[in-house]
Amino acid sequence: MFSLSDEHKMIQSAARDFAQKEIVPVAAEFDESGEFPHETVKKMGALGFMGLEIPEQYGGAGMDTLAYVLALEEICKADASHGVIMSVNNSLYCHGIMKFGTEEQKKRFVTPIASGKAVGAYTLTEPQSGSDAGTMKSRAIRDGEHYILNGRKSWVTSGPVADYFVVFMMGDPAKRQKGVSAFVVEGNTPGLIRGKKEPKLGIRASATSELIFEDCRVPVENRLGEEGEGFKIAMT
Ligand SMILES: Cc1cc2nc3c(=O)[nH]c(=O)nc-3n(C[C@H](O)[C@H](O)[C@H](O)COP(=O)(O)OP(=O)(O)OC[C@H]3O[C@@H](n4cnc5c(N)ncnc54)[C@H](O)[C@@H]3O)c2cc1C
């Protein structure tokens, strides 16, 4: 029979305690106002919940996938918004960088997110394309030691507040999925414009918005993996 280890029981119980004491009392208020719950998210980071599977040297808790799922389940039980923010930071944002990033990229772009000091986001979807990313309209054109990004992304979880974005752009449309490349873009990069916030029926404290790229110059060292590996990274 399967049973949880002491370590797994400990993380489950820590997440349950935190969720019931800190999230439940404020969840309805944040859901109604649609404000991002910065304070509880910071506290979750301090407890290691924003990078549960990330090794400690990159700011995470160094635990396994089961620990992540057990903690996420307790947070989601209290409030889906906190759960979505947590899952985007842990998996959508961090996984691709951990698997395809260089040592320097992991240190620079994972550490602030996994430690909960910053918020990460993942931008694949566009107004005309979701998981069928080979049809995306956004473009990354190489210009010397930079790429120039242009296009529009939609439904970006944490888009209005994120400090770092993993961004997927098409380099060569003829190659469809194999023409997509991935980049990490810092939130204050000129040419990255946060668009309108989506009015949702629920999960409202997890802010979702459009993101517009207008001649946004990103250094080559911010590309994850090789050119054309973006779709693989997106599906990691
Ligand atoms: C609250 C919320 C938060 C979100 N947050 C994010 C976010 O942070 N980042 C982000 O990028 N997006 C985000 N999204 C967008 C979400 O990921 C997309 O809406 C989702 O991918 C659906 O895309 P789709 O419409 O293409 O449908 P899908 O479900 O992806 O596709 C529709 C169907 O077409 C099939 N299909 C796909 N491609 C092909 C193909 N080539 N050939 C044949 N069949 C195919 C699929 O298998 C599926 O059955 C969010 C959406 C919501 C509602």
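Being a predicted model, the structure only gives us computed values, none of them experimental.
A salt bridge links K232 and E229; the closest N-O separation between the charged side-chain nitrogens and carboxylate oxygens is under 4.0 Å. Salt bridge R152/E126: absent, no basic N to carboxylate O contact under 4.0 Å. Between E22 and K43 there is a salt bridge, since at least one side-chain N of the basic residue sits less than 4.0 Å from a carboxylate O of the acidic one.
Listed by chain and residue number, F49, A71, E74 satisfy the side-chain contact (heavy atoms from CB on, under 4.5 Å) test with A15 (two or more places apart in sequence, or in another chain). The ring pair (Phe, Tyr, Trp, His ring centres under 6.0 Å) check on Y147 picks up F183, with sequence neighbours excluded. Taking N150 as the reference, D215 meet the side chain to side chain donor-acceptor pair (under 3.5 Å) condition, with sequence neighbours excluded. In this structure E53 satisfies the side chain to side chain donor-acceptor pair (under 3.5 Å) test together with T65, H95, sequence neighbours excluded.
How far CZ of R16 is from CD of E73: 8.5 Å, rounded to the nearest 0.5 Å. To the nearest 0.5 Å, the span separating CG on L211 from NZ on K196 amounts to 13.0 Å. Here the CE-CD1 distance, from M170 to I141, works out to 11.0 Å after rounding to the nearest 0.5 Å. Rounded to the nearest 0.5 Å, atoms NE2 (H82) and SG (C76) are 11.0 Å apart. Distance check: M10 CE to S5 OG gives 9.0 Å after rounding to the nearest 0.5 Å. The OG atom of S138 sits 12.0 Å away from atom CZ of F168, with the distance rounded to the nearest 0.5 Å.
Closest heavy-atom contact between F2 and L4: CE2-CD2, 3.9 Å. Closest non-hydrogen pair, M136 versus S129, comes out as CA-OG, 3.7 Å. Looking at every heavy atom in both residues, V167 comes nearest to M169 through CG1-CE, 3.7 Å. Heavy atoms only, all atoms of each residue included: S209 and G195 are closest at CB-O, 3.9 Å. Taking both residues in full, the closest heavy atoms of A205 and D31 are given as N-OD1, 4.2 Å, listed atom of the first, atom of the second, then distance. The heavy-atom pair separating L224 from I233 by the smallest distance is O-CD1, 3.4 Å.
Linking ILVMFWY residues whenever their side-chain heavy atoms come closer than 4.5 Å, directly or via other members, places F18 and M63 in the same cluster. Taking hydrophobic clusters as Ile, Leu, Val, Met, Phe, Trp and Tyr residues chained together by side-chain heavy-atom distances below 4.5 Å, L52 shares a cluster with M50. By the rule that hydrophobic residues join a cluster once side-chain heavy atoms approach within less than 4.5 Å of another member, F109 and I85 end up as members of separate clusters. I113 and F36 are assigned to two separate hydrophobic clusters, defined by single-linkage of ILVMFWY side chains at heavy-atom distances under 4.5 Å. By the rule that hydrophobic residues join a cluster once side-chain heavy atoms approach within less than 4.5 Å of another member, L149 and V220 end up as members of one cluster.
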Item checked: Pair T135-R176, side chain to side chain contact (heavy atoms under 4.5 Å, CB included): steps then yes or no -> CA-CA 6 Å; T135 60; R176 293 181 61 87; 3.7 Å; yes
Notebook entry, point to check: Under the side chain to side chain contact (heavy atoms under 4.5 Å, CB included) criterion, do L70 and K9 qualify, and how do the steps go?
Noted result: CA-CA 9 Å; L70 289 168; K9 284 182 192 156; over 6 Å; no
Margin query: T125 vs E210, test: side chain to side chain contact (heavy atoms under 4.5 Å, CB included). Steps then yes/no.
Written below: CA-CA 10 Å; T125 305; E210 284 195 322; over 6 Å; no
Next item on the list: Test L192 against E214 for side chain to side chain contact (heavy atoms under 4.5 Å, CB included), laying out the working first.
Entry: CA-CA 7 Å; L192 186 161; E214 281 182 5; over 6 Å; no
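Proximity of a side-chain donor or acceptor of N222 to a complementary backbone N or O of V218 within less than 3.5 Å is not detected. For Y122 (side chain) and S91 (main-chain N/O), no donor-acceptor pair under 3.5 Å exists by modelled atom type.
Inspection of the T208 and K200 side chains reveals an N or O donor paired with an N or O acceptor under 3.5 Å. No hydrogens or angles considered: nothing links the side chains of H146 and D143 as a donor-acceptor pair under 3.5 Å.
Looking at heavy atoms from C-beta onward, P55 lies in side-chain contact with M98 at the 4.5 angstrom threshold. Within the 4.5 Å cutoff, the side chain of T123 has no heavy atoms near those of the W155 side chain. In this structure the side chain of V166 never reaches within 4.5 angstrom of the side chain of L92, judged on heavy atoms. Annotation: side chain of K106 is not in contact with side chain of Q57 (no heavy-atom distance under 4.5 Å). At a threshold of 4.5 Å between non-hydrogen side-chain atoms, the residues S87 and Y68 count as touching. Residues N89 and C94 are not in side-chain contact: their nearest non-hydrogen atoms beyond the backbone lie 4.5 Å or more apart. Residues I203 and S206 form a side-chain contact, since some pair of their non-hydrogen atoms from C-beta on lies under 4.5 Å apart. Inter-residue side-chain proximity for F213 and K153 is flagged as met; some heavy-atom pair is nearer than 4.5 Å.
For E32, the CD atom counts as loosely surrounded, since its 6.0 Å shell holds 12 or fewer non-hydrogen atoms of other residues, nucleotides or ligands. A 6.0 Å sphere centred on CD of E7 holds no more than 12 heavy atoms belonging to other residues, nucleotides or ligands.
Sorted by first and then second residue, the pairs that involve residues 181-192 and meet side chain to side chain donor-acceptor pair (under 3.5 Å), not counting sequence neighbours, are R108-E186. Within the structure, the side chain to side chain donor-acceptor pair (under 3.5 Å) test picks out no pair touching residues 156-170 (sequence neighbours left out).
The only member of V156, V184, V119 that meets side chain to side chain contact (heavy atoms under 4.5 Å, CB included) when paired with F165 is V156.
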